[in-house]
Peer 1: 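Here it is, the structure in full.
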Amino acid sequence: MSTNWQPPPPPPRPNMPPQGGAGGGPAPAPGNAAAQEAKDLSLYELLQVDRNAHSTIIRYAYRYLAAMYHPDNSETGDAEKFRIITDAWKTLSDEIRRQAYDMTLAVQDASKPQAAKGPGASQFGRDSLPKFERTSLTWNEVELRIAVLQVLLAARRKKPATGGCSGKMLMDILQIDDVRDIEFALWYLREKSMIETGERSFMITAVGLDYLTGELSKTQILDGGNTTEKRTAPTVNAGLPAVLGK
Amino acid sequence: MLTATKELPLSLRLTEDQMLIQETIAEIAQKEFAPRAAEIDKNHRFPRENWDLLAASEVCGLPIPEEYGGAGLDHVSYAIVVEELAKNCATTSVMYSAHVSLCATPIYLMGNEEQKKRFLPPMCRGEKMGAFALSEPGTGSDSAAATCMATLKGDHYILNGAKNWITNGIEADYYLVIAQTDRSQRHKGLIALVVEKDSPGFTFGKLEDKLGIKGSSTCQIMFDNTPVPVENVLGKPGEGFKVAMMTLDGGRIGIAAQAVGIAQGAWDHAYRYAKEREAFGKTINNLQAIRFMFSEMQTEIDAARLLTYHASVAQDRGEKFTREAAHAKLYASEVAMRSTVKCVQIFGGYGYVTDYPAERYMRDAKITEIYEGTSEIQRLVIANSLLKE
């Protein structure tokens, strides 16, 4: 009665490459062909995950593909593909390197505007952050650092343990369209330990907060400061709206 | 024998893919959803960030074939995902299961090619969220008595009326609405339409303040001369009741899985607590009264899970699974209620306060006995299926 029932065939995995490709077709593909193919794909496409995928998903996807392409696998092993996905994994598994890579991807997207954006870009939390009006075409570098720190401070004050913003959110809030406009400031702030990199986001550090407080008290933007210093203040923040007053 | 007419999956082993899905989703849910669950419950906040994460995990179209943008996986995998979500955050599991089994699946099953190509890919990508509207202020279980009217005018149906208890209420983008075309026809007059959010005359009532699943957005939706193009009719006019019943069959598997998840999640919390809490010189997991509670609960939860998988397997085999789904939903939801009450008892006084999650699980469990057919309706469905000859 129940003997001839077979469990359903194993379902295809999400975004699995067609079986032919996965099984390493009849003719063993020369290594450089695979490398050539890999060049056109982003690291996310190589690991077959969404651009916003959680680190857990990326880890499992790599594990799955690594088991498939590992040279020890007599059926589907492929040393070249294994090397390619392992390189991709090395970048995407490291939060800081992934963040940096995301920025280069954003540059590439900007240069070809018709390119499909990653679906479901996260929207949460943005409404709760202060809005900035851009006052000139490019930010003065010092102003930009302060603006970045202020945005990150607002996020961190909401959630002291984990509050931060992704690079994309920062660019949206500060209305910066080109990632190159902000990349340098983020590099500087990180080198100076004023920001740290958390799970897919940048967060202000205590050092950064102290620097911000120092800068703002110089320029008299902090609430309750005395008025005499105001006249001597440099014009660093001339273009910046008084966001802290809000 | 009435009951021995179907083959049972006697050895139910998860496939490697199913285990992979389970591990992945369990880990994400523990890392990301569990820490937020209490805050979501307290603030009645819709967890949009959880939705974004599910979208990025590519599970929003899990049982939908790949040609329409889904993952093309089976319904056991779907039940597994819902269970893992419910273990950590019932609100997230409700949002997810309403989208998948109450909106995307019926569009896939009943929609024509053009509708599937239009609606499913954005739903599978998580860009559009689905909702299902059947109950009305005056009609719940008796859906044939619907009074929300759809009148054909040229190439549009004009909708008038209200629908109640819409899960994903104001957050959704596509609403699968069951409306009445001719009240004298009762269930033969029902029609299923996909209504898009920005349609004229489509408004929302206040958000309901609920006992559990508080983060889930539940509200009334109202139509005032809302035009819906005839291209948005699922199936033929008059097939609305069929669409609704088919939708609910699948939906019940989702609710059963959710109930299993809530029960197992509460069990896990209670066990962690029992291992630490001391009384009479030892931790309470050594007390027989407590041990018996754990044994009873786990027995029932495992049985409920098997019923759920059984219904999912029947669905994957393409059989009629109305009764299997009703069995699973009826039993799992009652198990969830019994188990979570016991878990509160194990926590004692701490179970009664919101510092510990036990009471939240108990409140979340109750809804599984109510929506998508109350336990009484499930008994009716089972009886009708068993005793029709």
Side-chain angles (χ1 to χ4, degrees), chain A residues 1-19 44-45 47-65 67-68 92 102 116-128 158-159 161-163 165-166 168-169 198-201, chain B residues 4-18 20-21 23-32 35 39 46-63 65-66 69-77 121-122 124-128 312-313 316-318:
Chain A
M1 217 173 83
S2 62
T3 46
N4 57 1
W5 180 73
Q6 293 289 319
R13 281 190 31 76
N15 294 323
M16 271 280 290
Q19 282 306 311
Y44 292 104
E45 284 162 333
L47 290 183
Q48 304 170 23
V49 294
D50 188 276
R51 237 189 237 192
N52 300 308
H54 191 267
S55 52
T56 304
I57 298 264
I58 296 181
R59 196 174 75 244
Y60 278 96
Y62 170 68
R63 260 172 37 181
Y64 185 91
L65 291 171
M68 181 152 80
L92 296 187
D102 284 352
K117 289 261 163 65
S122 164
Q123 292 291 329
F124 63 90
R126 278 182 205 169
D127 296 342
S128 54
K158 284 211 153 58
K159 279 204 292 180
T162 55
C165 297
S166 68
K168 176 108 183 14
M169 280 168 76
E199 182 98 351
R200 308 234 54 208
S201 65
Chain B
T5 51
K6 282 241 175 87
E7 301 162 26
L8 292 168
L10 288 176
S11 80
L12 212 137
R13 274 186 80 84
L14 296 188
T15 65
E16 276 192 23
D17 289 305
Q18 288 161 348
L20 186 69
I21 291 256
E23 261 182 85
T24 319
I25 298 296
E27 194 176 320
I28 292 179
Q30 277 158 23
K31 264 194 203 160
E32 301 291 333
E39 178 263 323
F46 184 80
R48 180 57 75 164
E49 72 274 26
N50 290 2
W51 174 257
D52 289 340
L53 191 51
L54 289 174
S57 308
E58 300 173 72
V59 293
C60 290
L62 193 104
E66 288 176 83
L73 293 177
D74 55 328
H75 285 84
V76 178
S77 302
C124 293
R125 285 196 298 269
E127 288 160 16
K128 303 278 184 190
S312 311
V313 169
D316 283 330
R317 281 148 72 183

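Side chains included, hydrogens not; waters and symmetry mates left out as well; all remaining heavy atoms used. In what follows, every chain begins at residue 1, and chains take the letters A, B, ... in the order their sequences are listed.
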Peer 1: How far does CD1 of B:Ile21 sit from OH of A:Tyr60, to the nearest 0.5 angstrom?
Peer 2: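 Result: 11.5 Å between the selected atoms.
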Peer 1: Would you give the length of the straight line joining atom OG1 of B:Thr24 to atom NE2 of A:His54, rounded to the nearest 0.5 angstrom?
Peer 2: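 Those atoms lie 11.5 Å apart.
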Peer 1: Contact part of B:Glu16 toward chain A, heavy-atom cut-off under 4.5 Å: side chain, backbone, both or neither?
Peer 2: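 Nothing of B:Glu16, per the 4.5 Å heavy-atom cut-off to chain A.
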Peer 1: Minimum heavy-atom separation for A:Thr56 and B:Lys31, please, with both atom names.
Peer 2: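 Residues A:Thr56 and B:Lys31, closest heavy atoms: OG1-NZ, 3.4 Å.
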Peer 1: Starting at CG of B:Leu53, measure out to CD1 of A:Ile57 and round the result to the nearest 0.5 Å.
Peer 2: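 The CD1 atom of A:Ile57 is 7.5 Å from CG of B:Leu53, to the nearest 0.5 Å.
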Peer 1: Measure the spacing between CD of B:Glu27 and CZ of A:Arg59 and express it to the nearest 0.5 Å.
Peer 2: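 Reported to 0.5 Å precision, the distance equals 4.0 Å.
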